[in-house]
Amino acid sequence: MSTFQAPKGTYDLLPPDSATYLAVREAIAAPLRNSGYGYIETPGFEDVELFARGVGESTDIVTKEMYAFETKGGDRLALRPEGTASVLRAALEANLHKAGNLPVKLWYSGSYYRYERPQKGRYRHFSQVGAEAIGAEDPALDAELIILADQAYRSLGLRNFRILLNSLGDKECRPVYRAALQDFLRGLDLDEDTLRRAEINPLRVLDDKREAVQRQLADAPLLRDHLCDACKAYHEEVRELITAAGVAFEDDPKLVRGLDYYTRTTFEFVHGGLGSQSAVGGGGRYDGLSEMIGGPALPSVGWALGVDRTVLALQAEGVTLDIPAATSVYAVPLGEEARRVLFGVVTELRRAGVAADFSFGGKGLKGAMKNANRSGARFALVAGERDLAEGTAQLKDMESGEQVPVALDAVVSTLRARLA
Ligand code: AMP
């Protein structure tokens, strides 16, 4: 061990487990790539104001959880706590929305940072794959994203997740509801902090997990009953399209989520096996965000799925992903001459697309074969002086134990055929 440890609330991804994380990212990305979403990458930090304005001045993310700092040059920056504001900022900066084809559909994958109280499933550095569809108001787009997330989870073999769906209304109906909710909250027995929150952002009080608060919220007015006709029709169509696709969901009239920019469609993917951090992913429509960060009106919708929690969900369901061994062939040279020759063969194998590794460090046969075993390779390729004199190497099938000599100049073709 060194003097240093991974910072509190973070952990390292190490082989072999790290392969699962890569596979999860890939599985979430695959349906997006297949549906017209282009890959975008933005910096790990942004102007702190982007998040303050975008995510919301009164949210926990901005007030308590942001890694904000001032640079030596005097810029006020923050490590990104989420992806949507950055992606929209980048799309606006590059004028992607003016290139014609709306919606602009983008997907991303990366690290996010929140100064949270660490616990299982809640880290200070975590990883998300996300998707944003910018510049179109169309219920089919909301439905598309929900269906693609469902497809991603299912392709991984997850079954015990649920989709919670709600509408948060728009700038017509939400203010009316907000006032009604505020009236209701003022009459409750709430602590000072919560009362303050009720004044700044009353919808988020609905999200309070405390039993004493939830009990009092049983009769709270619901946005569902205050939606304007346009929002009602929009939401109904999203529901119909998802239903027609055979994707099951539950209406959750109290679902609000911790970010201020959401309008209309809001959804969350929750998993039963994760304890209190049950949300594996979430998203929704954010029709006002572009204007909030100084852009034109660009109704948009997106989601972000957490890679860490998806891996935990897989573990909770006992799903192991079928990840092929990284190495197919492990070369074991016995002696100096064999080392040179087999190293050449390994290079050739790799160039031919065969995953090959080599016993480095001049180990003896026993130690080298132990490593060959550990690597999970299907074949070991062993050569000593006598083999070289005959122009061959021994090809050992690691499953059956069977061993046959193969001419050195036929190793690549033989292995390609046997691995096919
Ligand atoms: P949010 O942006 O809060 O809606 O988060 C979207 C998804 O990112 C969540 O459903 C989680 O899977 C994941 N996530 C958010 N915060 C954390 C965290 N602190 N640690 C691990 N995963 C997180």
Side-chain angles (χ1 to χ4, degrees), residues 6-13 20-21 24-25 27-29 42 46 50-51 54-56 58-67 78-88 107-132 145-146 149-150 152-153 156 158 160-166 168 201 203-204 207 209 252 255-263 265-286 289 300-316:
K8 185 174 173 190
T10 72
Y11 63 102
D12 302 306
L13 285 182
T20 304
Y21 284 75
V24 165
R25 288 196 188 112
I28 300 174
T42 63
E46 297 272 355
L50 173 68
F51 301 119
V55 179
S58 73
T59 59
D60 283 352
I61 294 180
V62 168
T63 54
K64 297 186 196 149
E65 297 168 6
M66 219 154 43
Y67 283 91
L79 298 186
R80 58 186 182 188
E82 61 99 49
T84 303
S86 309
V87 168
L88 188 55
W107 75 274
Y108 57 89
S109 172
S111 292
Y112 296 86
Y113 307 87
R114 293 182 195 172
Y115 190 75
E116 302 210 63
R117 201 164 42 76
Q119 62 183 87
K120 187 175 178 194
R122 195 207 269 162
Y123 311 106
R124 291 180 172 178
H125 164 260
F126 57 97
S127 163
Q128 290 182 339
V129 176
E132 314 290 348
L145 278 164
I146 294 171
D150 178 80
Y153 286 137
L156 283 164
L158 280 180
N160 303 338
F161 65 90
R162 297 179 299 140
I163 301 174
L164 308 180
L165 184 67
N166 192 20
L168 290 181
N201 196 339
L203 268 73
R204 290 195 44 250
D207 211 18
K209 301 282 186 287
D252 181 352
L255 179 73
V256 289
R257 301 187 33 75
L259 300 84
D260 277 355
Y261 52 58
Y262 287 111
T263 51
T265 314
T266 342
F267 48 86
E268 209 156 77
F269 297 84
V270 293
H271 194 277
L274 298 189
S276 58
Q277 304 305 314
S278 63
V280 287
R285 182 156 275 285
Y286 49 93
L289 179 58
S300 307
V301 57
W303 50 239
L305 310 188
V307 176
D308 312 72
R309 286 189 202 165
T310 303
V311 171
L312 290 174
L314 288 168
Q315 287 165 2

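Just follow the structure's listing: the first ligand is 1, and inside any ligand the first atom is 1. Just so it is clear, the model here is predicted, and its values are computed rather than measured.
Here's the thing with G281: one of its N/O atoms is less than 3.5 angstrom from an N/O atom of ligand 1. In terms of polar-atom proximity, defined here as any N/O pair under 3.5 Å, A279 does make such a contact with ligand 1. Not a single N or O atom of R122, backbone or side chain, sits closer than 3.5 Å to an N or O atom of ligand 1. The shortest N or O to N or O distance between Q128 and ligand 1 is below 3.5 Å.
Separating the OH atom in Y262 from the CG atom in L168 is a distance of 10.0 Å, to the nearest 0.5 Å. For the atom pair T59 OG1 and N201 CG, the distance stands at 8.5 Å (nearest 0.5 Å).
Ring geometry, Y153 versus F161: the interplanar angle falls from 30° to 60°, so the pair is classed tilted. Y113 and Y67 have perpendicular rings, their planes meeting at more than 60° on a 0 to 90° scale where under 30° would count as parallel.
Residues D60 and R204 are paired through a salt bridge, judged by an N-O separation under 4.0 Å between the basic side chain and the carboxylate.
If you look at Q277 next to ligand 1, there are no close heavy atoms at all, none under 4.0 Å.
Less than 4.0 angstrom separates some heavy atom of Y123 from each of these atoms of ligand 1: 18 (C), 19 (N), 20 (N), 21 (C). For ligand 1 and A304, the ligand atoms under 4.0 Å from any heavy atom of the residue are 6 (C), 7 (C). Which parts of ligand 1 touch G121 is read off a 4.0 Å heavy-atom cut-off, strictly below it: atoms 20 (N), 21 (C), 22 (N). In summary, the atoms of ligand 1 found under 4.0 Å from a heavy atom of F126, numbered by their order in the structure, are 14 (N), 15 (C), 16 (N), 17 (C), 18 (C), 19 (N), 20 (N), 21 (C), 22 (N), 23 (C).
Within the 4.0 Å heavy-atom shell around ligand 1 one finds V280. Within the structure, the closest approach of E116 to ligand 1 falls below 4.0 Å when heavy atoms are considered.
The two residues R80 and T42 come nearest to each other via the heavy atoms NH1-O, 3.2 Å.
Listed for the Y11 side chain is no donor-acceptor partner under 3.5 Å among the backbone atoms of G9. A side-chain donor-acceptor contact under 3.5 Å links R124 to the backbone of E116.
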